[in-house]
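Atoms considered below: every heavy atom in the structure, side chains included; atoms not considered: hydrogens, waters and symmetry mates. Source: prediction; values computed, not measured.
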Amino acid sequence: MSAHDTPIPMVARRSGPLKGEAQIPGDKSISHRALILGALSVGETHVTGLLEGQDVLDTASAMRAFGATVTQLGQGEWTVQGVGVGGFAEPSQVIDCGNSGTGVRLIMGAMATTPISATFTGDASLNKRPMARITDPLALFGARAVGRQGGRLPMTLVGADEPVPVRYTLPMPSAQVKSAVLLAGLNAPGETVVIEPEATRDHTERMLRGFGAEVTVEETAEGRVITLKGQPELVGQRVAVPRDPSSAAFPVCAALLVPGSEITVPGVSRNPTRDGLYVTLLEMGADIVFENPRVEGGEPVADLRVRFSPGLQGVETPPERAASMIDEFPVLSVVAALAGGTTVMRGVKELRVKESDRIDAMARGLEACGVRIEEDEDTLIVHGMASVPGGATVESRLDHRIAMAFLVLGLVSERAVTVDDGGPIATSFPLFEPLMAGLGAAISRANG
């Protein structure tokens, strides 16, 4: 079943060349952060290019519940009248974050140092995901959490009455955990320090500076040391959200694999902490050209020109690159299935605790489509082949990226690939179906 509705089976069949321009929606990570930091600011934040997928809409609803005024002006254009750092009101209702691990974890961080209580829940997928990785560091500030066994949602978080600053070393590479700690540090006195041994996406640090917080980043022997000066007055900003490189990955990879394809993808984020897939694809021999590099909304962006690349070869992705492409491994696995030789993805254990166990989901689905794989807790190995048999019905497991990855595979398989539920795609890429159809992809609803 899907995150918010009844299941939507979808099928992808061998496709003719993909042609045209792919107008990718706004970046999901930056959209969440723009709403949350806008709510924690004084004055108005004006956001353009906001992703209007269900995950982000759930975060907008949550910010309203905490007292901010969040208004949609037009497609992708929103305003947030903030309440200031420490100004969150206690919600009168349970906060439903749907499918969004980013949303719930960042919101918990943002409220953890305000003396209010809030109860959080989500869909069946989110309620299985571990929250102790967030609640443990938030407890250091003085917050208290009570949830289901194993630290699962539904969960009530009681904010700290007298928060204290924290120095915290991330035990795993997680931008969500880092961001939650930094957001909690906003309403704590003194300096909150986060140390990440492996760099993760840095949108929170960039945006905090943009809203007026004092944030420094130092590269040390311990890793990246991020220091936030607490209790700033954040001021509302204009935020132009760049296009999401994780969403762009699906039409890009499809164009690389479908014979005769050539597409352009304008305005995609080239943030180096999000760029691992594109680095890897180039190593594999992908014909991708980055044109018109520029900075928009404080983020580096470029236009992509992508052509069918018949000579792709398997590579090994190093563990230190995993954090910069953690959401793209499912679709990389599809590319690997049709590349020459073997692709080895190392350092990917974080995939086990995403919307689904993505290593297991990709492994079982690829096997069902006739691809040979190997896996362990932290590694996924895909043995490439000249042609993938396909013909399977694959479980999406309430995971939007699993669903989209296997629909890409269906475009180049000998037989159609069906995804049991494409409904979760709406959480991050609500225009996926019309966008891919506009390029010429043979993707449809199985019961439509």
Could you verify whether a donor N or O on one side chain and an acceptor N or O on the other, from [X] and [Y], lie under 3.5 Å apart?
X: Ser269; Y: Asn271; answer: no
X: His32; Y: Thr102; answer: no
X: Thr79; Y: His46; answer: no

Residues in salt bridge (Lys or Arg N to Asp or Glu O under 4.0 Å) with Asp399, at least two apart?
-> Arg358

Can you tell me how far CG of Leu256 sits from CZ of Arg307, rounded to the nearest 0.5 angstrom?
-> 11.5 Å

When rounded to the nearest 0.5 angstrom, what distance separates OG1 in Thr343 from CZ in Phe329?
-> 11.0 Å

Is the closest basic N to carboxylate O distance between [X] and [Y] below 4.0 Å?
X: Glu377; Y: Lys349; value: no
X: Arg397; Y: Asp357; value: no
X: Asp27; Y: Arg201; value: no
X: Asp202; Y: Lys178; value: no
X: Asp303; Y: Arg294; value: yes

For the residue pair Phe88 and Phe66, does the interplanar ring angle fall in the parallel (under 30°), tilted (30 to 60°) or perpendicular (over 60°) class?
-> parallel

Between [X] and [Y], what is the shortest heavy-atom contact and its length?
X: Pro25; Y: Phe429; value: CD-CE2, 3.4 Å
X: Ala248; Y: Tyr278; value: CB-OH, 3.5 Å
X: Ala118; Y: Met111; value: CB-SD, 3.6 Å
X: Cys253; Y: Leu277; value: SG-CD2, 4.4 Å
X: Ile95; Y: Ala62; value: CG2-CB, 3.7 Å
X: Phe120; Y: Leu153; value: O-CD2, 3.8 Å

Sole candidate of Arg274, Arg401, Lys28 that passes salt bridge (charged side-chain N to carboxylate O under 4.0 Å, His left out) when paired with Asp244 = Arg274

Please examine the side chains of Leu37 and Leu186, heavy atoms only from C-beta on, and report whether any two atoms are closer than 4.5 Å.
-> yes

More than 12 heavy atoms of other residues, nucleotides or ligands under 6.0 Å from [atom1] of [X]: yes or no?
X: Gln93; atom1: CD; answer: no
X: Arg144; atom1: CZ; answer: no
X: Lys128; atom1: NZ; answer: no
X: Arg148; atom1: CZ; answer: yes

Could you go step by step and tell me if Ser29 and His203 meet the side-chain hydrogen bond (donor to acceptor under 3.5 Å, both in side chains) rule?
-> CA-CA 8 Å; Ser29 297; His203 304 306; 4.9 Å; no

Criterion side-chain contact (heavy atoms from CB on, under 4.5 Å) against Ser396, the qualifying member of Leu407, Ile425, Asp421 = Asp421

